[in-house]
J.: 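Dropping a structure here in structure tokens format, bear with me for questions.
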Amino acid sequence: MPPSSQGVHIMSLRCKSVWGLVCALAISPASLNADEVSFSDTVPLTQTNWKQVVTLPKFDPSLGTLTSVLLKLTGEVSGTASIESKDPSPTMVTATFTADISLMRPDMSVLMAVLPTEAITLPLGSYDGVIDFAGPSGRVLPEVKKELFESHFMASPLSLPDQSLFVGAGEFMSLPVWAIGRSRGSGSGNLVMLLHTEAAATAEVTYFYNPVPEPSVAGAGLLAMLMLHRRRRSA
């Protein structure tokens with residue numbers, strides 16, 4: 001091969017090598033890593049039984065390629081109780097605070113449910129003849145709270161119904177959430193109990209996605225150098 005053509009051939013290879021390096025660096029390494037974004041909505045403590053709606057943003061496809069969705073429901077039960085045992089002998093009484101909390105799709109099918117429960121057991125004496133929730137046979141319990149959460153995971157690819165539910169630029173999904181009180185008292189054959197139950201719910205959605213690649217500063221600089229080199233050669 002003539003020296004001149006050999007030099008041209010070597011220069012061509014170098015240009016390809018530099019171009020490959022630019023192409024490799026033009027995609028920022030950080031942009032290759034999976035990213036995530038989360039949103040949440042809460043129904044505050046409210047007396048059961050209630051039916052509410054939580055509203056969450058859908059995934060914006062302009063962010064990148066959605067890979068999976070994690071939906072978490074956190075439930076909380078809170079309650080107070082006034083208890084009077086009418087048994088003629090001392091007894092152990094249990095007050096159980098429970099709320100059945102369900103998060104549903106817009107078509108009312110259940111996505112997930114949680115059942116936060118807290119039980120308090122206490123001794124009460126023989127009935128003192130007065131239903132006043134005081135004395136040896138009565139008691140007023142202070143506020144009792146319990147939290148519980150459960151996660152629901154849907155891997156990509158999402159089904160068609162889930163695509164329409166979770167994906168949409170600038171759109172929101174409205175999910176019904178219900179809380180049914182299941183609180184109760186037990187342990188005495190003759191028991192007077194006043195229960196007050198409240199429940200709260202928080203729905204949180206996390207979208208995992210691969211972001212749209214963006215040119216890095218180093219890649220842009222090398223690209224500019226290569227273009228300048230080509231201009232000088234052509235001149």
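Because the structure is a prediction, the values reported are computed rather than measured.
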J.: Nearest 0.5 Å please: distance from the CD atom of Q52 over to the CG atom of L175.
T.: 13.5 Å
J.: Is the closest side-chain donor-acceptor distance between T48 and E198 under 3.5 Å?
T.: no
J.: Please tell me if the side chains of P116 and I101 come closer than 4.5 Å, counting only heavy atoms from C-beta onward.
T.: yes
J.: For G181 versus N49, what's the shortest heavy-atom pair and its separation?
T.: N-OD1, 2.7 Å
J.: Same cluster or not: L71 versus L63, using hydrophobic residues (I, L, V, M, F, W, Y) connected whenever any side-chain heavy atoms lie under 4.5 Å apart?
T.: yes
J.: Check the pair V69 / V205 against side chain to side chain contact (heavy atoms under 4.5 Å, CB included), numbers first and verdict last.
T.: CA-CA 7 Å; V69 177; V205 63; 3.7 Å; yes
J.: Which pair of heavy atoms, one from S126 and one from S89, lies closest together, and at what distance?
T.: OG-CA, 3.4 Å
J.: I want to check something: taking the side chain as every heavy atom from C-beta on, are M173 and L56 in contact at a cut-off of under 4.5 Å?
T.: yes
J.: Rounded to the nearest 0.5 Å, what separates atom CD in E36 from atom OG in S68?
T.: 9.0 Å
J.: How close do S137 and Y127 get, heavy atom to heavy atom, and via which atoms?
T.: CB-CA, 3.6 Å
J.: Does the side chain to side chain contact (heavy atoms under 4.5 Å, CB included) test come out yes or no for V177 and V43, once each step is laid out?
T.: CA-CA 9 Å; V177 56; V43 179; 4.0 Å; yes
J.: Compare every heavy atom of T91 with every heavy atom of S85, then report the nearest pair and how far apart it is.
T.: OG-CG2, 3.4 Å
J.: Hydrophobic cluster membership, with links at side-chain heavy-atom distances under 4.5 Å among I/L/V/M/F/W/Y: are L66 and F172 in one?
T.: no
J.: Taking only residues at least two apart or on different chains, which pairs with a member in residues 174-183 satisfy side chain to side chain donor-acceptor pair (under 3.5 Å)?
T.: S183-T197
J.: What are the two closest heavy atoms between D60 and A169, and how far apart are they?
T.: OD1-CB, 3.4 Å
J.: How long is the straight-line distance from NZ of K72 back to OG of S40, given to the nearest 0.5 Å?
T.: 9.5 Å
J.: Of all residues at least two apart in sequence or in a different chain, which pass the side chain to side chain donor-acceptor pair (under 3.5 Å) check with T121?
T.: T94
J.: Identify, with sequence neighbours excluded, every residue that meets salt bridge (charged side-chain N to carboxylate O under 4.0 Å, His left out) alongside K86.
T.: none
J.: Could you check V140, D132, N190 and say which one makes a side-chain contact (heavy atoms from CB on, under 4.5 Å) with E84?
T.: D132
J.: For residues N210 and T65, is any side-chain donor paired with an opposing acceptor at under 3.5 Å?
T.: no
J.: How far apart are the C-alpha atoms of K146 and E76, what are their side-chain angles, what is the distance that settles it, and do they pass the side chain to side chain contact (heavy atoms under 4.5 Å, CB included) test?
T.: CA-CA 6 Å; K146 178 69 174 181; E76 179 181 351; over 6 Å; no
J.: Name all residues meeting the salt bridge (charged side-chain N to carboxylate O under 4.0 Å, His left out) criterion together with E171; count only those two or more places apart in sequence or in a different chain, and write none if there are none.
T.: K58
J.: T55 and D41: which non-hydrogen atoms are nearest, and at how many Å?
T.: N-OD2, 2.8 Å
J.: Find out whether L103 and V54 are in side-chain contact, i.e. whether some heavy atom of one side chain is under 4.5 Å from a heavy atom of the other.
T.: yes
J.: Within a strict 4.5 Å, meaning less than it, do heavy atoms of the L194 and F133 side chains meet?
T.: yes
J.: In the hydrophobic clustering that connects Ile, Leu, Val, Met, Phe, Trp and Tyr at side-chain heavy-atom distances below 4.5 Å, which members other than V77 occupy its cluster, ordered by chain and number?
T.: I83, V93, F97, I120, L122, L124, L141, V144, L191, M193, L195
J.: Given the rule that I, L, V, M, F, W and Y join up when any side-chain heavy atoms are under 4.5 Å apart, are L165 and F39 in one cluster?
T.: yes
J.: Would you say K51 and P176 make side-chain contact, with heavy atoms under 4.5 Å?
T.: no
J.: What side chain to side chain donor-acceptor pair (under 3.5 Å) pairs are there with at least one residue in residues 96-112, not counting sequence neighbours?
T.: T98-T117, R105-D162, D107-S109
J.: Consider only side-chain heavy atoms of I, L, V, M, F, W and Y, link residues closer than 4.5 Å, and tell whether V114 and L111 are in one cluster.
T.: yes
J.: In terms of relative ring orientation, are F166 and Y207 parallel, tilted or perpendicular, with 30° and 60° separating the classes?
T.: perpendicular
J.: Side chain to side chain contact (heavy atoms under 4.5 Å, CB included) between K145 and L45: does it pass, once the steps are laid out?
T.: CA-CA 11 Å; K145 289 187 177 183; L45 281 171; 4.0 Å; yes
J.: Atom CD in E147, atom OG1 in T202: separation rounded to 0.5 Å?
T.: 8.0 Å
